[in-house]
Participant: 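Below you will find the structure I want to go over with you.
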Amino acid sequence: MALIGCGLMGGSFALAAKRAGLVKRIVGYSKSPSTTSRARQMGVIDEEASSALQAVSGADLVLLAIPVASTESTLANIKHLINPDTLVMDVGSTKMDVVAAARRALRDRFGCFVPAHPITGKEVFGVDHADVNLYRDAQVVLTPTELTKVAQLRQAEAIWKAIGTHVTSMAPEQHDAALAASSHAPHLVAMAYMNSLLSQDGAHRMLSLAGPGFRDFTRIAAAEPQMWRDIFLANRSEILKQIQSLQHMLGSYEAALLSDDQPALEQLLREASSTRAQWKQGKLYTPESLSKHKTTA
Ligand SMILES: O=C(O)C(=O)C[C@]1(C(=O)O)C=C[C@@H](O)C=C1
């Protein structure tokens with residue numbers, strides 16, 4: 001296996017793939033040589049490569065675990081070493097841009113690429129945080145296209161299942177719209193909230209009095225800025241729709257407070273509370289149960 005990008009996601013995948021007995025040898029490459037050598041010291045990879053090309057040479061499986069904006073240049077660089085049987089996957093949080101980048105970069109080898117998004121992570125980053133159990137029980141969304149080869153798709157499904165994930169497939173557009181709401185918007189809101197707090201006088205006092213609510217709500221605001229910059233830009237149009245919806249909803253709260261409208265405020269809070277509680281119990285997944293909770297925007 002060639003691991004391009006030996007950070008949290010790539011390093012955790014390497015550990016899990018080894019533990020499941022899926023790979024014999026992992027050759028790793030990271031942009032920063034100190035990361036690659038740390039991954040080697042930790043036993044995350046077996047061998048250090050000094051370039052992506054060197055890592056991919058002779059690999060049956062190539063995993064890209066790099067910022068989504070680097071997908072095209074990385075794939076274009078390694079394309080000529082990908083043979084018809086190679087399986088290439090990514091772990092990026094956005095899929096339309098990744099699929100388009102892979103199509104342009106890989107051309108006649110595009111069928112070897114199975115776009116994948118494991119919906120798991122941590123707010124910390126770097127190989128030091130690699131965790132053999134990170135993927136256990138996580139959902140993985142595959143977004144194959146009409147050109148994805150069946151053999152590679154089946155192999156990808158088997159690999160993700162073997163490391164303990166639950167695999168689903170959908171179109172890249174569907175994925176990006178859903179993830180804008182369920183992952184990208186919460187990150188943006190937590191980050192914007194931190195910016196807002198910092199812009200106010202007395203921010204230090206506010207921070208010194210922050211408790212578990214603040215901790216839980218803002219955990220993801222500590223995520224890596226460059227990675228999230230790329231995700232927000234790659235999924236810009238869907239995230240902008242989420243911002244509009246949020247602005248609308250904040251307007252509803254503001255209106256209820258301005259007019260001292262107790263029933264309206266309570267109705268909003270009831271909907272929020274019951275939707276969160278039902279999600280936790282896994283009850284909100286059918287279109288029928290969802291529509292019961294949908295408020296008119
Ligand atoms: O748990 C976290 O810290 C995450 O940020 C994980 C999370 C998420 O939003 O759930 C973030 C981005 C990934 O693409 C998938 C999962």
Side-chain angles (χ1 to χ4, degrees), residues 3-16 63-71 89-99 101-102 114-143 156 160 163-194 212-239 241-243 245-246 275-276 279-280 282 284-285:
L3 177 64
I4 317 278
C6 306
L8 170 75
M9 300 307 289
S12 301
F13 183 93
L15 291 174
L63 188 80
L64 297 191
I66 55 178
V68 287
S70 306
T71 307
M89 298 194 288
D90 76 316
V91 294
S93 293
T94 52
K95 288 277 112 6
M96 275 171 69
D97 65 315
V98 164
V99 168
V114 180
H117 180 201
I119 306 181
T120 181
K122 294 183 188 179
E123 72 283 10
V124 289
F125 38 94
V127 71
D128 285 312
H129 299 282
D131 173 357
V132 68
N133 292 317
L134 183 68
Y135 292 97
R136 182 176 278 173
D137 277 330
Q139 288 199 71
V140 174
V141 181
L142 303 180
T143 62
W160 285 109
I163 63 170
T165 68
H166 307 282
V167 181
T168 48
S169 291
M170 64 182 69
E173 309 83 67
Q174 246 187 330
H175 167 277
D176 285 6
L179 266 292
S182 63
S183 172
H184 307 165
H187 279 79
L188 186 131
V189 170
M191 290 158 181
Y193 165 76
M194 291 303 300
F214 174 91
R215 183 197 60 210
D216 292 350
F217 177 65
T218 60
R219 178 182 67 80
I220 53 179
E224 206 206 355
Q226 286 183 7
M227 183 181 116
W228 283 94
R229 175 199 64 193
D230 289 354
I231 293 171
F232 290 161
L233 291 173
N235 204 15
R236 210 160 59 105
S237 60
E238 290 299 336
I239 292 171
K241 287 185 205 163
Q242 291 302 319
I243 291 178
S245 172
L246 277 159
T275 306
R276 174 60 167 81
W279 171 81
K280 187 115 195 290
L284 268 176
Y285 296 113

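Counting starts at 1 for both ligands and their atoms, in listed order. FYI, side chains are in, hydrogens and waters are out, and symmetry mates aren't considered; it's all heavy atoms of this structure.
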Participant: Search all heavy atoms of Ala130 against all heavy atoms of Ser12 and return the closest pair with its distance.
Facilitator: CA-OG, 3.5 Å

Participant: Among all protein heavy atoms, pick out the one at the shortest distance from atom 5 (O) of ligand 1; state its residue, atom name and that distance to 0.1 Å.
Facilitator: His187 NE2, 3.0 Å

Participant: Could you tell me which atoms of ligand 1, counted from 1 in the order shown, lie closer than 4.0 angstrom to a heavy atom of His117?
Facilitator: 13 (C), 14 (O), 15 (C)

Participant: Which option, Ser183, Ala190, Gly92, Ala185, owns the non-hydrogen atom nearest atom 9 (O) of ligand 1?
Facilitator: Ser183

Participant: Could you find the nearest protein heavy atom to atom 3 (O) of ligand 1 and give me its residue, atom name and distance?
Facilitator: Arg219 NH1, 2.9 Å

Participant: Starting from the C-alpha separation in whole Å, work towards a yes-or-no answer on side-chain contact (heavy atoms from CB on, under 4.5 Å) for Phe232 and His187.
Facilitator: CA-CA 10 Å; Phe232 290 161; His187 279 79; 4.2 Å; yes

Participant: Would you kindly specify which portion of Ile231 sits under 4.0 Å from ligand 1, judged on non-hydrogen atoms: side chain, backbone, both or neither?
Facilitator: neither

Participant: Grab the two heavy atoms, one from Gly11 and one from Leu3, that are nearest each other, plus how far apart they are.
Facilitator: N-CD2, 4.2 Å

Participant: Does anything in residues 119-129 pair up under side-chain hydrogen bond (donor to acceptor under 3.5 Å, both in side chains), and if so which pairs, sequence neighbours excluded?
Facilitator: Arg38-Asp128, Lys122-Asp131, Glu123-Arg219

Participant: Is the shortest heavy-atom distance from the side chain of Met191 to the side chain of Leu188 under 4.5 Å?
Facilitator: no

Participant: Just jot down the ligand 1 atoms closer than 4.0 angstrom to any heavy atom of Glu123, in number order.
Facilitator: 3 (O)

Participant: May I ask you to list the atoms of ligand 1 that are less than 4.0 angstrom from any heavy atom of Ile220?
Facilitator: 3 (O)

Participant: Which of the numbered atoms in ligand 1 are below 4.0 angstrom from a heavy atom of Trp228?
Facilitator: 11 (C), 12 (C)

Participant: Quick test of your reading of the structure: of Ala222, Ser182, Ser93, Pro186, whose heavy atom lies closest to atom 14 (O) of ligand 1?
Facilitator: Ser93

Participant: Could you check whether any side-chain N or O of Thr165 sits under 3.5 Å from a backbone N or O of Trp160, counting only pairs where one atom can act as donor and the other as acceptor?
Facilitator: yes

Participant: Can you tell me if Phe125 contacts ligand 1 (heavy atom of the residue under 4.0 Å from the ligand)?
Facilitator: no

Participant: Quick check against the 3.5 Å criterion: does Ser183 have a side-chain atom that pairs as donor or acceptor with the backbone of Leu179?
Facilitator: no

Participant: Strictly under 4.0 Å, does any heavy atom of His184 approach an atom of ligand 1?
Facilitator: no

Participant: Could you name each residue pair satisfying side-chain hydrogen bond (donor to acceptor under 3.5 Å, both in side chains) that touches residues 169-180, not counting sequence neighbours?
Facilitator: His117-His175

